[in-house]
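Comments concern the structure below.
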Amino acid sequence: MKPNSRRVFLRNTSISSLVLLANPLKSCSSKIENKIVSETYKPLILSTWAHGIPANDKAWDVLSKTDNILDAVEQGVRVTESDPDNLSVGLQGLPDRDGIVTLDASIMIGDGSCGSVSFVRQIKHPISLARQVMEKTPHVMLSGEGARLFAIAQGFPLEEEKLSPKAEKAYREWLVQSAYKPIINIENHDTIGMIGIGKDGKLAGACTTSGLAYKMHGRVGDSPIIGAGLYVDDEVGAATATGLGESVIRICGSFLVVELMRQGRSPQEACEEAVRRLTVKNASQIADMQVGFLAINKEGEFGAYAVHPGFNFAMHHSEAKVLKDAKSKFSDNG
Ligand code: SD4
């Protein structure tokens, strides 16, 4: 990667008035009619949660070798799908209330191509299956048994249906009360959503999860729904979501973030407005649930925002790889 991708953008009234500066501080003070929008990076990879760090490492490595942002995000989130410690992604995730692990995943690139799988069993890398749906079928989404049969036809191995030791233990504990609380609060989530931009300005995203723990059998969340858990448009930017999927679906969350950016909001402003809208549409549940959004625009500017504190995201660019805490609408003490 070229090390000089860091820039500060100045926004006047339109994109055409953007100015890239080699010495941002000096130039900012001399351009008082402009305001600093943000640091921007190309390439840039963002992922939800701390497990995004190793996932981003892999994505960065792939991007460095191939310049292919689609390969990068697919390979990146496969790291999380294979992580035995993650209880919300991949076959080692927590099961539904019948003790069965079902997976949701989606993948998208900025020209509108996308694919997803939902309610799929026995597939170790649902993100790669989603990519096959995108590339090998005329469809966008395959579900359940149809997705599994398609996987077999594509040569995906079927894994044994057996809970991981950690998931088995947690499920047995849950069975004692069998309390059906479809809640994703601050402790109960780990889905990976990854969005990235290459140095060529091409965008891609991937999102993969075992979904809500102890959900009803057949429940599908936001992650495989294009526009809810993930949306990418090379003309504008990309967004992904984590948290209580039902609340994200209600506002077409990731699509909303991208559309707000299309109307001129920065990624940060777009994430904040989407959270505001989500809190209005899900007011009765809001105290007990968490959602976080991540966004990148086509300039390589980024944003993140959550309902409650506790949402963090991993960021990787040519100068640093860091875990950052997102700001939130409600503070620690409510
Ligand atoms: C879902 N959004 O299935 C996913 C879960 C999630 O962090 O993001 N957990 O609703």
Side-chain angles (χ1 to χ4, degrees), residues 45-52 55-56 58-59 69-83 86 88-91 93 102-110 112-120 123-134 140-143 147 184 189-197 203-212 219-233 237-249 251-258 271 274 290-296 302 304 306 311 313-314 326:
I45 313 268
L46 297 187
S47 292
T48 54
W49 309 113
H51 54 230
N56 285 359
K58 179 68 182 179
I69 192 67
L70 173 62
D71 287 346
V73 297
E74 179 196 1
Q75 294 298 322
V77 303
R78 280 171 63 109
V79 170
T80 323
E81 289 180 336
S82 302
D83 177 358
N86 189 307
S88 301
V89 181
L91 291 174
T102 67
L103 305 177
D104 295 339
S106 63
I107 195 157
M108 186 164 191
I109 52 178
S113 303
C114 52
S116 76
V117 291
S118 67
F119 188 45
V120 66
I123 302 299
K124 186 170 181 190
H125 290 299
I127 198 65
S128 297
L129 189 56
R131 182 167 175 178
Q132 295 292 300
V133 172
M134 173 172 92
V140 165
M141 181 185 246
L142 291 179
S143 284
I184 294 184
H189 47 72
D190 263 337
T191 291
I192 185 152
M194 177 184 285
I195 49 179
I197 186 164
L203 289 140
C207 187
T208 176
T209 188
S210 54
L212 185 60
R219 180 268 187 188
V220 169
D222 59 318
S223 307
I225 297 180
I226 299 300
L230 179 69
Y231 199 72
V232 182
D233 185 340
T240 191
T242 181
L244 185 63
E246 284 75 2
S247 68
V248 177
I249 294 170
I251 62 157
C252 296
S254 294
F255 181 72
L256 175 62
V257 171
V258 171
C271 291
Q290 174 67 310
V291 165
F293 288 107
L294 286 183
I296 294 178
F302 62 91
F311 173 46
F313 63 101

Shortest non-hydrogen contact from Leu294 toward Gly193:
CD1-O, 4.3 Å
Just by distance, no angles: are the side chains of Asn56 and Ser47 close enough, under 3.5 Å, to form a donor-acceptor pair?
yes
Residue pair Met108 / Cys207, side-chain heavy-atom distance below 4.5 Å:
no
Do Arg219 and Glu246 have side chains that get closer than 4.5 Å, going by heavy atoms?
yes
Ile195 and Phe302, any side-chain heavy atoms less than 4.5 Å apart
no
If every non-hydrogen atom of Ile123 is compared with every non-hydrogen atom of Pro126, which pair is closest and at what distance?
O-CD, 3.5 Å
On a heavy-atom basis, the closest approach of Ala55 and Ile192 is CB-CD1, 3.6 Å
Leu103: which of Ser118, Ser223, Ser210, Pro224 passes side-chain contact (heavy atoms from CB on, under 4.5 Å):
Ser210
Give the minimum heavy-atom separation between Ala147 and Val120, together with the two atoms involved.
CB-CG2, 3.8 Å
Heavy-atom check, side chain of Met141 versus side chain of Ile225, under 4.5 Å
yes
Quick check: do Leu70 and Arg131 have side-chain heavy atoms less than 4.5 Å from each other?
yes
Considering all heavy atoms, the nearest Gly52-Ala314 contact
C-CB, 3.5 Å
Taken to the nearest 0.5 Å, the spacing of Leu91 CG from Thr102 OG1 works out to 10.0 Å
Spatial distance of atom CD1 (Ile226) from atom SG (Cys252) [nearest 0.5 Å]
12.0 Å
Among Ile45, Val232, Leu203, exactly one meets side-chain contact (heavy atoms from CB on, under 4.5 Å) together with Ile69. Which residue is that?
Ile45
Distance, nearest 0.5 Å, that separates OG1 of Thr191 from CG of Asp104
8.5 Å
What's the shortest heavy-atom distance between Ile127 and Ala206, and which atoms?
CD1-CB, 3.7 Å
dist Thr208:OG1 -> Leu230:CG (nearest 0.5 Å) comes out at 11.5 Å
Quick one, Val257 and Tyr231 - any side-chain contact, counting heavy atoms below 4.5 Å?
no
Donor-acceptor pair, Ser82 side chain versus Arg78 backbone, under 3.5 Å?
yes
Nearest-0.5 Å distance that lies between atom NZ in Lys58 and atom CE in Met194:
11.0 Å
Strictly distance-based, threshold 3.5 Å: is any side-chain N or O of Thr48 a donor or acceptor partner for the main-chain N or O of Phe313?
no
Interatomic distance, Ser254 atom OG to Asp222 atom CG [nearest 0.5 angstrom]:
7.0 Å
